Asker: 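The structure follows.
None of the values given here were measured: they were computed from a predicted structure.
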Amino acid sequence: MEPANGSTDLRSPLAGRGEEPPPSPSLLGAFEQPRPGFRASIWAGSSFEHWDWDSWRAAASAMAAGLRDRGVQPGSRVACVLTNCPAACAAVPAIWLAGGTVLSLPTIARGMSVEAYLSQLRRICVASGPVVLLMEEQFSSVLPESWMPDVRVVSYESLAGSRRFEPTPPESEDIVFVQYSSGSTSEPHGCALSAGAVARHLRMLAQRLEVDTARDASVCWLPLSHDMGLFGGVMLGFLEGMSMCLSSPQRFLRSPRTWFDDCAWSGATITAAPNFALELASRAAGVELPEPFAMKRCVLGGERVEARSIATAVRALAERGLRPESLAPAYGMAEAVLAVTMTDVGEAPTVLDLDSAPLLEGELSDPVPVESWDDDLGPGQTRLVSVGRPLEGVGVRVDGEKAVGELLVSSPSLASGYLADEDATRERFENGEVRTGDLGFTWEGQLYVLGRTDDMVTVGGRNHFARDVEVAMAGSVAIRPGSCVLVNLMESGGSEQLLAMAEPAKEAEDFADVARTLTAAVREVTGFRLDQCLIVPPGTLPKTPSGKIQRFRCRQMLEAETLEPLARFGR
C-alpha cells in the first residue's frame, strides 16, 4: 500500500487546469532588444573569445546571409554538429533568421569509432533530408568528397556572408529544432521542437531559476549537442540577456577544476552539470581549492543524482561558497525541451532512505528523510535524492496503480514527436503526455527517479536497479568516477551472465584487489556473485558527450567480443 502522504501525480500550479503559462517572447524577439550589459565569453580552443550583444547579433546575421546563399529558405533543414565553439553559438540563431530548422546531430561518443560515427551521421541525414551539413572547418576539411554525396558539407567559418537580406523568423508552431542526442539507451531519435515550445520552456526555466539579468551570469561546459548545454547553457542567456561563459567538455575532462575556476573568474551564479562531473570537480578541489564564488544555483541533471556526491561537494567547497541549498537536483528530457522538475531556489535537496525490496515490486515502505547524506546505508536499503517539483504548467504522474512505475510527463513545451519516425512517436506520445522510460515515484510534492526501465537487471529471478549496484561499486577509491557499469548478457544457450566493467583509477595497482572489491559490492546489494569482472583501459566505456555510460553499447562490445580488457576475472 502507498503511504498516506505519498502521491502518484504531481501538478504545478497551472498544470491540468486548461490554462496557458504566461506569454513567452518569440525566439528571435531578443534580437530586437538592446542588451548593453550582456557579455559572452566562449572557449575558442586555447582561450576565451569575448562577445557583446551586438557582435553576437552581427555574427548570426552574417551567417544567416551565408546560409541563404547556400540554398537555405524558410522550411529548409540544416544539419549541424554543434561543438562548443563561437561559430556554433552564432549558427543556431542564424538558421532561425534564415527560416530554417536546426537538426542537431550527435557528436562522437566516447568509445565510438570514426567509421561508426560517420555511418550514424549518414543514416540520420538520409532520413531527415537536410539542405546542408554544418561543422567546424577542422572536421569538414578532412572528410572525403564522396562521404555524403547528396548533402553539401559546409564549415561554420565559411558562412560569413555580407549582403543584406530579409529575415524570415519561424512562427510559434514551426519546428525549429530537432535533437539527435547521443542516447545512453538506444540509437538517437530526432526529437522535434517548435519555436513556441522552446520559447515557453526557456521562460519557464528562467522563472524557476529566478533569473535576474542585472545580477546573474552562467557558466557551462556541457556539449551544445545536448539539451542541457544548448538550452540551459546558451539559449537561456540568449533569450533572457543573461551574460555567460561557455567552455567545452574536452577542457573540463582534461582539467575538472576549470569548471569552478570559470565560475569564480566570471562571477557566475548559475551553472549545471551531471552528477559525475560534481564528483570530479570535488576531487580536484580537494587538491587545490578554486577562488571563492557566489553560486546561487548549481543544477544537477542528466543522470541520477547521488547523496554521497552532494555531501562530498559541500564538504570540499563549503569555504568557497558552495552550500547545500546552492545545489539543485533536476529531472529533464529532450522531449520536454529540457527541465521537467527542479529543486526550488534556496531549498536544500531532500534525501530519503527506503527499503529496496518493496521498491522493486512497485511499492513504497516508510520512506525516511535523512540529513547525513554520506552515512553508510543499511542492508537492503536504497538512498534517493529528490529532483524537485514540476516547472510551471508541467505535470508528472506514475503510470498504473502502484506507487512506483514509469513516469509520464505533460508540459507546455512538449515536443511534437520524432522526425520521420511515426512508430516511435505513437509509442511514446499520447494524449498530451510522453512516456519517459524512467521509473520513479512522488512523495510530499517532490519527484524521485530510480532509473531507466531498461536499466533493470535480473539476478536469480529477482530484479535490481543497475544504478544502485553501480553506486555501491563506485564506492571503491580504485575506480574512476562515473566509470563502472553492470551488464546482463544472454549467452547462446539461454543462460544469463552478470558482468561488471570498470576503469581503474591511476592509483590502482592490484587489479585482482579491484575485482574483489567490486564483486563484494555487487554481492552486498544483490546477494549474488559476478560471473565476470572486467578491468578495462581508461576511456574504454562508451559514454555520451555529457558523460552518461551507454549501457547498450557496452552490451554490443561484449557481444561482438571486441573488448580487450586489462584483466578479466571469473569464468
Side-chain angles (χ1 to χ4, degrees), residues 184-185 275-276 279 303-304 306-309 353-361 374-384 439 450-491 495-505 507-538 540-543 548-555 557-559 563 565-571:
S184 58
T185 58
N275 187 84
F276 87 93
E279 289 191 5
E303 62 178 350
R304 203 173 88 176
E306 302 300 336
R308 185 185 62 214
S309 303
D353 280 356
L354 307 104
D355 290 335
S356 301
L359 280 179
L360 294 165
E361 300 301 323
D374 54 354
D375 283 352
D376 291 337
L377 269 174
Q381 287 195 306
T382 296
R383 180 166 291 163
L384 294 174
L439 292 170
L450 289 156
R452 300 286 302 173
T453 55
D454 46 10
D455 279 351
M456 190 89 77
V457 296
T458 302
V459 183
R462 297 206 308 267
N463 291 331
H464 296 274
F465 292 112
R467 182 60 178 165
D468 287 341
V469 185
E470 288 161 357
V471 168
M473 292 163 58
S476 168
V477 294
I479 297 300
R480 301 179 77 202
S483 295
C484 63
V485 64
L486 190 73
V487 179
N488 283 67
L489 198 63
M490 191 67 67
E491 295 184 305
S495 61
E496 196 169 37
Q497 276 200 325
L498 185 64
L499 299 93
M501 303 164 65
E503 297 177 6
E507 60 268 24
E509 297 178 353
D510 186 345
F511 292 159
D513 184 57
V514 174
R516 283 191 293 271
T517 302
L518 296 179
T519 300
V522 173
R523 174 171 284 181
E524 182 177 352
V525 176
T526 68
F528 284 81
R529 183 180 180 85
L530 285 171
D531 292 298
Q532 286 194 56
C533 183
L534 281 63
I535 309 301
V536 299
T540 296
L541 296 181
K543 292 183 178 182
K548 287 190 285 188
I549 290 180
Q550 295 179 307
R551 196 182 308 276
F552 79 103
R553 290 199 186 281
C554 291
R555 287 195 183 97
M557 293 169 67
L558 291 166
E559 290 168 348
L563 196 63
L566 298 171
R568 184 191 299 264
F569 301 91
R571 63 185 180 88

Asker: When you measure from the side chain of Arg555 to the backbone N and O of Val487, does any donor-acceptor pair fall under 3.5 Å?
Answerer: no
Asker: What is the minimum heavy-atom distance between Gly482 and Phe276, and which atoms define it?
Answerer: CA-CB, 4.3 Å
Asker: Is the backbone of Asp513 close enough, under 3.5 Å, to the side chain of Asp510 for a donor and an acceptor to pair up by distance?
Answerer: yes
Asker: Hey, is Arg383 close enough to Asp353 for a salt bridge, meaning N to O under 4.0 Å?
Answerer: yes
Asker: Is any side-chain heavy atom of Leu354 closer than 4.5 Å to one of Gln381?
Answerer: no
Asker: What closest approach, in Å, do Arg553 and Pro542 show between heavy atoms, and which atom pair accounts for it?
Answerer: CB-CG, 3.6 Å
Asker: Which heavy-atom pair separates Ala478 from Ala508 by the least distance, and what is that distance?
Answerer: O-CB, 3.8 Å
Asker: Please check this pair: side chain of Arg551 against backbone of Leu486, looking for a donor-acceptor N/O pair closer than 3.5 Å.
Answerer: yes
Asker: Kindly indicate, with the supporting measurements, whether the criterion side-chain contact (heavy atoms from CB on, under 4.5 Å) is fulfilled by Asp468 and Arg304.
Answerer: CA-CA 10 Å; Asp468 287 341; Arg304 203 173 88 176; 2.7 Å; yes
Asker: Give a yes or no on this: more than 12 heavy atoms of other residues, nucleotides or ligands lie within 6.0 Å of atom CD of Glu524.
Answerer: no
Asker: Answer whether the closest heavy-atom distance between the side chains of Pro565 and Met501 falls below 4.5 Å.
Answerer: no
Asker: Indicate yes or no: at least one non-hydrogen side-chain atom of Leu498 is less than 4.5 angstrom from one of Asn488.
Answerer: yes
Asker: Can you tell me how far the CG atom of Leu530 sits from the OG1 atom of Thr519, to the nearest 0.5 Å?
Answerer: 4.5 Å
Asker: Look up atom CD in Glu470 and atom OG in Ser483, then write down how far apart they are to the nearest 0.5 Å.
Answerer: 11.0 Å
Asker: Atom CD1 of Ile479 and atom CD of Glu503: how far apart are they, to the nearest 0.5 Å?
Answerer: 9.0 Å
Asker: Please evaluate residues Glu279 and Arg308 with respect to the criterion side-chain contact (heavy atoms from CB on, under 4.5 Å), reporting the C-alpha separation (whole Å), side-chain torsions for both, the decisive distance (0.1 Å), and the verdict.
Answerer: CA-CA 9 Å; Glu279 289 191 5; Arg308 185 185 62 214; 4.2 Å; yes
Asker: Quick one: pull up CG in Leu439 and CZ in Arg467 and give me the separation to the nearest 0.5 Å.
Answerer: 15.0 Å
Asker: Verify, without hydrogens or angle tests, whether Gln532 (side chain) and Arg568 (backbone) share a donor-acceptor contact under 3.5 angstrom.
Answerer: no
Asker: Say you draw a straight line from OG1 of Thr382 to CG of Leu360; how long is it, rounded to the nearest 0.5 Å?
Answerer: 7.0 Å
Asker: Would you find a donor on one side and an acceptor on the other, under 3.5 Å apart, between the side chain of Glu306 and the backbone of Val471?
Answerer: no
Asker: Roughly how far apart are Cys484 SG and Ile549 CD1, rounded to 0.5 Å?
Answerer: 6.5 Å
Asker: Are Gln497 and Leu558 packed together at the side-chain level, in the sense that at least one heavy-atom pair is separated by less than 4.5 angstrom?
Answerer: no
Asker: At their closest point, which heavy atom of Ala515 faces which heavy atom of Phe569, and how far apart are they?
Answerer: CB-CD1, 3.4 Å
Asker: Report yes if some heavy atom in the side chain of Met473 is under 4.5 Å from a heavy atom in the side chain of Val522; otherwise report no.
Answerer: yes
